[in-house]
Amino acid sequence: MLLSHAFVPTLKETPSEAQIASHRLMLRAGLVRQTSAGIYAWLPMGLRVLRHIEQIVREEQDAIGAQELLMPTIQPAELWRESGRYDDYGKEMLRITDRHDREMLFGPTNEEMITDLMRQGAKSYRDLPQVLYHIQWKFRDEVRPRFGVMRGREFLMKDAYSFDIDYAGAVRSYRQMMLAYMRTFQRMGLKAIPMVADTGPIGGDLSHEFIILAPTGESQVYYDASFEEIDYQGGGCSHKSDEDLQRFYDLMTSQYATTDEKHNLINWEKIPADRRREGRGIEVGHIFYFGTKYSKAMGLAVAGHDGKQLIPEMGSYGIGISRLVGAIIEASHDAAGIIWPDAVAPYKASILNLRVGDAACGKICDTLYTALRGQAVYDDRDARAGEKFADADLMGLPWQIIVGPRGAANGVVELKRRVTGERLELSVDAALIRIG
RNA sequence: CGGGGCGUGGCGCAGUCUGGUUAGCGCGCGUGUUUUGGGUACACGAGGCCGCCGGUUCGAAUCCGGCCGCCCCGACCA
């Protein structure tokens, strides 16, 4: 992307409405613009991040055999009347009337709709288990939207739904999903901790929140540092093996991890002091098992082995995709700007031409830009070096390739790693290899 | 939904209490010169229905009434 032609409206000053770091930086780096309270337009740079996060989530969902579909944003009120939630949901639900006076709503979640689809399609135990997910915009008319994209009214969410013929199957689906979540967050460069969540009226222990750590998080959390050392991607952690799943689940649930409401000093102090971690956390995902709540209410039943009808056991599993963009920035920024983890960065590198018009600089930049094929932002603007440095740090791409007249004459560029600030003088080829 | 605050060029603000030439400042933007490795300097310039509607007044950004929008704290949530 040529910065001279790109719509990346960076701001030197912070709009007054933005209070927290991620919100300020998203506005300043030209990622989003607010259009109403809690509703944002995603500008080109921000959209790329959103897409990258979405893609990692998609790949990890697919990897455990979940199937993607896409349900509409607008839903008929009748479905929600069937589950009883039309009246229960309250003012958070955005209700809409169409021209025929039909009652509609902008979906805050999709349990009813997916249950409806499943009852149309699944007739026998042979049709189960099924895990379906979609990545779709949701709307919850929060009383008080805040923190930019982290607490918006309109938000992009991955929500998955599992259907199993019995409790054991539901538990298996639940654990597979938990594994997928840990892999997902790890791939994004995040430290995510699963914590037992309140299950509400359903009870049981099958509900976990996934919290990532950031200084400005909404709640205080405590956990055992050993969470940070686990590799979820490797072998011995297959979602297909019940033994692996059991071992994984035991590992997740045996270590201390809790929010301050459930913090227990006695158990906390059993952990060796050097492994105690505490900090602020942001919830980025939530999974829970809810049994037959919707299947029963909405008449989803399939024929069992014995020919009798059985009511499938369900679970649902959310990841706040748009929230993650803000959450990642909360967890990864400094005074100068965003520090994107490689996996979700909008581009790999910024190429800074410090002397536009200089033949040697131009030639090297062109070479770099071509070699990086769509993975770089080329700052070819006719602007001062200082402005380019400031914007590059603000945008936070993992690498900066600084091309100035001094080095260019000798075929040398400077490679800066955003996260460490470390700089190296290298040949063009060596820099490209380094970036990978 | 309770409490508080704010709406003035793209962004940040002053001016409002105490009504009165042409509504100001910094940044950004445009042109020129200058500078050339961390937002350079100078000059010139463009850009405003002072959130909206109504009222008071000879006269309203400023006073009064209503409405709308946005932010912050709390209760609530992916």
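The structure presented is a predicted model; accordingly, all values stated were derived computationally and were not measured. What you see below is based on every heavy atom in this structure, not just the backbone, and it leaves out hydrogens, waters and symmetry mates. Naming: A, B, ... by sequence-line order, numbering from 1 per chain.
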Go through the N and O atoms of the side chain of A/R151 and the base of B/rC76, and report whether any donor-acceptor pair is under 3.5 Å.
->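 Counting by modelled atom types and ignoring angles, a donor-acceptor contact under 3.5 Å is found here.
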
By a strict heavy-atom criterion of less than 4.0 Å, which residues belonging to residues 38-58 of chain A are in contact with RNA chain B?
->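 Within this stretch, nothing sits under 4.0 Å of the strand.
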
Could you identify which residues of residues 322-336 of chain A place a heavy atom less than 4.0 Å from some atom of RNA chain B, listed by residue number, or say none?
->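 Heavy-atom contacts with RNA chain B come from A/R323.
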
Gap between atoms [atom1] and [atom2], on [X] and [N] respectively (whole Å):
X	N	atom1	atom2	value
A/F147	B/rC76	CZ	P	14 Å
A/R146	B/rC70	CZ	C1'	15 Å
A/D393	B/rG37	CG	P	17 Å

For A/V143, all residues meeting side chain to side chain contact (heavy atoms under 4.5 Å, CB included), sequence neighbours excluded |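 By the side chain to side chain contact (heavy atoms under 4.5 Å, CB included) rule, A/V143 matches no residue at all.
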
Check for a donor-acceptor pair, side chain of [X] on one end and backbone N or O of [Y] on the other, with a separation under 3.5 Å.
X	Y	answer
A/H333	A/I329	yes
A/K348	A/V377	no
A/R48	A/P346	yes
A/R381	A/H5	no

Name of the residue among A/R119, A/E111, A/R85, A/E112 meeting side chain to side chain donor-acceptor pair (under 3.5 Å) with A/Y294 =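 Going through the options one by one, the only one that passes is A/R85.
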
State, yes or no, whether a side-chain contact exists between A/L128 and A/P312 at a heavy-atom distance under 4.5 Å.
->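 Answer yes - side chains close enough.
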
Side chains of A/E278 and A/Y223: closer than 4.5 Å at any heavy-atom pair?
->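 The answer is no, as the side chains (C-beta and beyond) never meet within the 4.5 Å cut-off.
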
Give each protein N/O atom lying under 3.5 Å from an N/O atom of nucleotides 32-36 of chain B, with the pair distance.
from, atom 1, to, atom 2, distance (Å)
B/rU35, O2, A/R384, NE, 3.2
B/rU35, O2, A/R384, NH2, 3.2
B/rU36, O2', A/R355, NE, 3.0
B/rU36, O2', A/R355, NH2, 2.5

[N] and [M]: how far apart are their [atom1] atoms, nearest whole angstrom?
N	M	atom1	answer
B/rC50	B/rA60	C1'	11 Å
B/rG55	B/rG47	P	31 Å
B/rU62	B/rC53	P	12 Å
B/rG69	B/rA75	C1'	23 Å
B/rU18	B/rA41	C1'	41 Å
B/rG10	B/rU57	P	34 Å
B/rA78	B/rG9	P	38 Å
B/rU35	B/rC52	P	46 Å

Could you please name the partner base of [N], counting Watson-Crick and G-U wobble pairs only when both distances are under 3.5 Å?
N	value
B/rC58	B/rG20
B/rA78	none
B/rC67	B/rG51
B/rA43	B/rU31

Any side-chain N or O of A/R144 under 4.0 Å from OP1/OP2 of B/rC72?
->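 For A/R144, the contact criterion (side-chain N or O under 4.0 Å from OP1 or OP2 of B/rC72) is met.
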
Does A/Q34 put a side-chain nitrogen or oxygen below 4.0 Å from OP1 or OP2 of B/rG69?
->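 Answer no for this pair, as no side-chain N or O of A/Q34 is under 4.0 Å from OP1 or OP2.
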
Would you mind telling me which of [options] lies closest to the side-chain atoms of [X]?
X	options	result
A/R406	B/rC77, B/rC72, B/rG37	B/rG37
A/S16	B/rC71, B/rG12, B/rC76	B/rG12
A/F389	B/rC71, B/rC76, B/rG37	B/rG37

Need one value for [X]: base, sugar-phosphate or nothing, where a base atom within 4.0 Å counts as base even if backbone is also close, heavy atoms only.
X	value
A/A37	sugar-phosphate
A/D159	nothing
A/G404	base
A/T109	nothing
A/I402	base

Taking protein heavy atoms under 4.0 Å as touching, what does nucleotides 4-9 of chain B look like 5' to 3' if B marks base contact, S marks sugar-phosphate-only contact and - marks none?
-> ------

Are A/Y181 and A/Y317 close enough that their ring centres sit under 6.0 Å apart?
->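 A/Y181 vs A/Y317: aromatic centres not under 6.0 Å.
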
is_close_aromatic(A/W137, A/F155), centroid dist under 6.0 Å |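 No; A/F155 has its ring centre 6.0 Å or more from that of A/W137.
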
Would you check if there is a donor-acceptor pair between the side chains of [Y] and [X] at a distance under 3.5 Å?
X	Y	value
A/Y40	A/Q34	yes
A/D224	A/S226	yes
A/Y161	A/Q130	no
A/H208	A/T253	no
A/Q61	A/R58	no

Mind listing the N/O atom pairs, protein and nucleotides 45-47 of chain B, below 3.5 Å?
none

Pairing residues for A/Y369 by the side chain to side chain donor-acceptor pair (under 3.5 Å) criterion, not counting sequence neighbours |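 Scan of A/Y369 (side chain to side chain donor-acceptor pair (under 3.5 Å), adjacent residues dropped) gives none.
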
Contacts of type side chain to side chain donor-acceptor pair (under 3.5 Å), residue A/E422, not counting sequence neighbours |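 Checked A/E422 against side chain to side chain donor-acceptor pair (under 3.5 Å); matches are A/T420.
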
Which pairs would a plain distance check flag for residues 186-196 of chain A, meaning a side-chain donor or acceptor within less than 3.5 Å of a matching protein atom at least two apart in sequence or in another chain?
from, atom 1, to, atom 2, distance (Å)
A/Q186, OE1, A/Y232, N, 3.1
A/Q186, OE1, A/Q233, NE2, 3.1
A/Q186, NE2, A/I230, O, 2.9
A/R187, NH1, A/E59, OE1, 3.0
A/R187, NH1, A/E60, OE2, 2.9
A/R187, NH2, A/E59, OE1, 2.7

For A/E414 and for A/E283, locate the closest nucleotide of RNA chain B by heavy-atom distance; then report the residue assigned to the nucleotide nearer the 5' terminus.
->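 Per heavy-atom nearest nucleotide, the more 5' residue is A/E414.
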
5' priority, RNA chain B, between A/R140 and A/K91 [closest heavy atom] =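 Comparing both residues, the 5'-ward one is A/K91.
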
Rounded to the nearest 0.5 Å, how far does CG of A/L245 lie from CE of A/M252?
->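 One gets 12.0 Å once the value is rounded to the nearest 0.5 Å.
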
Nucleotide N/O of nucleotides 27-29 of chain B paired with protein N/O under 3.5 Å:
from, atom 1, to, atom 2, distance (Å)
B/rC27, O3', A/K12, NZ, 3.4
B/rG28, OP1, A/K12, NZ, 3.4

Keeping to residues at least two apart or across chains, list the side-chain hydrogen bond (donor to acceptor under 3.5 Å, both in side chains) pairs with something in residues 399-411 of chain A.
->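 Matches after skipping sequence neighbours: A/D393-A/Q400.
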
Any salt bridge (charged side-chain N to carboxylate O under 4.0 Å, His left out) involving residues 9-30 of chain A? Give me the pairs, sequence neighbours left out, ordered by first then second residue.
->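 Output for this query is empty, none listed.
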
